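Keep in mind the model is a prediction, meaning the values are calculated, not measured.
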Amino acid sequence: MAFLMKSMLSNQVKNLGLGGGGEESKEESSPSDPAAAAGMTREEYEEYQKQMVEEKMERDAAFAQKKAERAVLRVHLREKYRLPKSELDENQIQMAGDDVGLPEDLQKMVAEDQEEEEDKDSILGQLQNIQNMDMDAIKEKAQATFTEMKQAAEQKCSMM
């Protein structure tokens, strides 16, 4: 009932022009041309729209490039640690199209990692690892393994 009374009274107030119809007058006074609404001429507005589209395309291209660089990094890490490949990363690299590589700071990090691995794989790296080994622990482990093998052989062989 209250809804019915409110709607009837508001319609009557709008018809009298006592403030209920202000919204309609605002809509009628706004221009339909977006250039005029922005305070520009038609040519200026078209040029502005072209610039906006070009900037958006540049941002999208830069974003795609960054995504491709990240995908290259993930692919590199997957190869390094022998993890399964991802088709999503390969698709992102192909979508970028350009010759996508790692960013410079990441290239430096990868180069440092490779140098460390090469040092560990070299003869000098192995010699340094030998110096760091605990020979007593190695002897104990070898003796324990020999004892286990001897006991296993005694159990299987009836002659011993």
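With rounding to the nearest 0.5 angstrom, the CD atom of Gln143 is 12.0 Å from the NZ atom of Lys150. In this structure, CD in Gln49 is found 10.0 Å from CD in Gln51, a value given to the nearest 0.5 Å. Rounding to the nearest 0.5 Å places CZ of Phe146 at 11.0 Å from CD of Gln151.
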Give the table of side-chain donor-acceptor pairs shorter than 3.5 Å for residues 67-79, with sequence neighbours excluded, one pair per line with atom names and distance.
residue : atom : partner : partner atom : Å
Arg74   : NE   : Asp89   : OD1          : 2.9
Arg74   : NE   : Asp89   : OD2          : 3.3
Arg74   : NH2  : Asp89   : OD1          : 2.8
Arg74   : NH2  : Gln92   : OE1          : 3.2
Arg78   : NE   : Pro84   : O            : 3.3
Arg78   : NH1  : Asp89   : OD2          : 2.3

**Report entry** Test log, rule side chain to side chain donor-acceptor pair (under 3.5 Å), inputs Glu44 and Tyr48
**Finding:** CA-CA 6 Å; Glu44 289 174 340; Tyr48 174 74; over 6 Å; no
Query - Steps toward salt bridge (Lys or Arg N to Asp or Glu O under 4.0 Å) verdict (Glu46, Lys50) - result: CA-CA 6 Å; Glu46 289 175 2; Lys50 287 179 185 177; 5.8 Å; no
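Taking 4.0 Å as the cut-off between side-chain N and carboxylate O, Glu112 and Lys108 do not count as a salt-bridged pair.
Within 6.0 Å of the NZ atom in Lys80, the count of heavy atoms belonging to other residues, nucleotides or ligands exceeds 12.
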